[in-house]
K.L.:
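Provided herewith is a single structure, encoded as structure tokens, for subsequent inquiry.
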Amino acid sequence: VSATLTTPTAQNMRLTFDCWQNYNGGAGGGAGSGQFMTLGGSANSAQVAAAPTDYISGVNSPFTGFYFAMIGEGSSSYDYRYYDGSGSAARGNNGARANFLNSGAVNHFDFGAIFPSDQFESAGAPGKAWVRWEMLFLDGKIRLAATKPDGSKILMCDWFTPNAGTPMNNLLPHIGVMDNYSSSATPASDQFVLFDNLKVESISSSTNVGDWAIY
């Protein structure tokens, strides 16, 4: 499930929102709890951000644009991901290009100091807490940050350039939920993502993008 927002297209934008990723079970999740929150930029509002099956085959793929994906309870081998697509060729998980905290596509244990157990039920993962996500797309490069419940703002991915051929103009902001797995959560009612305080802004090279802590 995803949505491309009907705001004016732009080459340079800042996308911010507060997000709560819920899941069934306790720390580490329960049966079928794995689900990703996604955010990025889309050049085709008819396509959805989904991987792997919907991303590499079918009418929705390959995705035209880029997106990040974060799982809520750390149940995946790669809990923090980045994808992009040209509309003519699928590229799969390009986490190393985004270089999350210098770790590429990473397991949640690498993030234990970022999302600690005193603030998050599943240490190393952002689920069951309000996290503010901020994505900057400026002059063909992307930056991602997360603000935790204690107010500390963490630089997740520093400026990087998507793979060659990824559309970089006339993008629409894109948010969604992605489930890569065939199993279903029990109870299903515990599996959801909330987006709040969504804001999209046009920015330029003169915009103050802020200083963030870097781990």
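In this chain, numbering begins with 1 at the start of the sequence shown. If you're wondering where the values come from, they're calculated on a predicted model, not measured in any experiment.
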K.L.:
Do I142 and P162 have side-chain heavy atoms sitting under 4.5 Å apart?
P.N.:
yes
K.L.:
Quick one: does F36's side chain get under 4.5 Å of Q21's, heavy atoms only?
P.N.:
no
K.L.:
Would you please classify the geometry between the F115 ring and the F111 ring as parallel, tilted or perpendicular, with 30° and 60° separating the classes?
P.N.:
parallel
K.L.:
Can you measure from SG (C19) to CZ (F195) and round to the nearest 0.5 angstrom?
P.N.:
5.0 Å
K.L.:
Nearest heavy-atom pair of Q191 and G34: which atoms, and what distance?
P.N.:
NE2-C, 4.1 Å
K.L.:
Please tell me if the side chains of E134 and T147 come closer than 4.5 Å, counting only heavy atoms from C-beta onward.
P.N.:
no
K.L.:
Out of curiosity, does I203 fall in the hydrophobic cluster containing W159 (side-chain heavy atoms, cut-off under 4.5 Å, transitive links)?
P.N.:
yes
K.L.:
If you apply the rule side-chain contact (heavy atoms from CB on, under 4.5 Å), what do you find for D158 with R143, and how did you get there?
P.N.:
CA-CA 5 Å; D158 206 358; R143 202 179 200 191; 3.1 Å; yes
K.L.:
Decide side-chain contact (heavy atoms from CB on, under 4.5 Å) for D139 and N12; before the verdict, give the C-alpha distance in whole Å, the side-chain angles of both, and the deciding distance to 0.1 Å.
P.N.:
CA-CA 6 Å; D139 297 335; N12 299 322; 3.3 Å; yes
K.L.:
Give, for atom CG of N24 and atom OG of S184, the distance between the pair rounded to the nearest 0.5 Å.
P.N.:
10.0 Å
K.L.:
Q35 versus S33: any side-chain heavy-atom pair under 4.5 Å?
P.N.:
no
K.L.:
For a quick test of reading the model, state the closest non-hydrogen atom pair linking G65 to P167 and the distance between them.
P.N.:
N-CD, 3.9 Å
K.L.:
Per the salt bridge (Lys or Arg N to Asp or Glu O under 4.0 Å) rule, what does the pair list look like for residues 116-130, sequence neighbours excluded?
P.N.:
E121-K128
K.L.:
Going through the distances and angles, do I71 and H108 end up as a side-chain contact (heavy atoms from CB on, under 4.5 Å)?
P.N.:
CA-CA 9 Å; I71 205 165; H108 76 284; 5.9 Å; no
K.L.:
Walk me through whether V106 and Y78 qualify under side-chain contact (heavy atoms from CB on, under 4.5 Å).
P.N.:
CA-CA 5 Å; V106 295; Y78 293 108; 5.9 Å; no
K.L.:
Is any side-chain heavy atom of N107 less than 4.5 Å from a side-chain heavy atom of Y80?
P.N.:
no
K.L.:
Evaluate the side-chain proximity of N163 to R97: yes if any heavy-atom separation is below 4.5 Å, no if none is.
P.N.:
yes
K.L.:
Might you point out which heavy atoms bring S183 and G32 nearest each other, and give the distance in Å?
P.N.:
OG-CA, 3.4 Å
K.L.:
Can you tell me how far the CG atom of L155 sits from the CZ atom of F100, to the nearest 0.5 Å?
P.N.:
11.0 Å
K.L.:
Just verifying a value: how many Å separate S42 OG and Y67 OH, rounded to the nearest 0.5 Å?
P.N.:
11.0 Å
K.L.:
Work out which heavy atom in L15 is nearest to a heavy atom in L198; give both atom names and the distance.
P.N.:
CD1-CD1, 3.5 Å
K.L.:
How close do F192 and S189 get, heavy atom to heavy atom, and via which atoms?
P.N.:
CD2-O, 3.4 Å
K.L.:
Tell me, with the steps shown, if N22 and W20 meet side chain to side chain donor-acceptor pair (under 3.5 Å).
P.N.:
CA-CA 6 Å; N22 213 70; W20 178 283; 2.8 Å; yes
K.L.:
Return the NZ to NZ distance between K153 and K148, rounded to the nearest 0.5 Å.
P.N.:
14.0 Å
K.L.:
Would you say T38 and M70 make side-chain contact, with heavy atoms under 4.5 Å?
P.N.:
no
K.L.:
Do you know which two heavy atoms are closest between A125 and G74, and how far apart they sit?
P.N.:
CB-N, 3.6 Å
K.L.:
How long is the gap from CZ on F17 to CH2 on W130, to the nearest 0.5 Å?
P.N.:
10.5 Å
K.L.:
How about S75 and Y23: does a side-chain donor come under 3.5 Å of a side-chain acceptor?
P.N.:
no
K.L.:
Is the shortest side-chain heavy-atom distance between M13 and S202 below 4.5 Å?
P.N.:
no
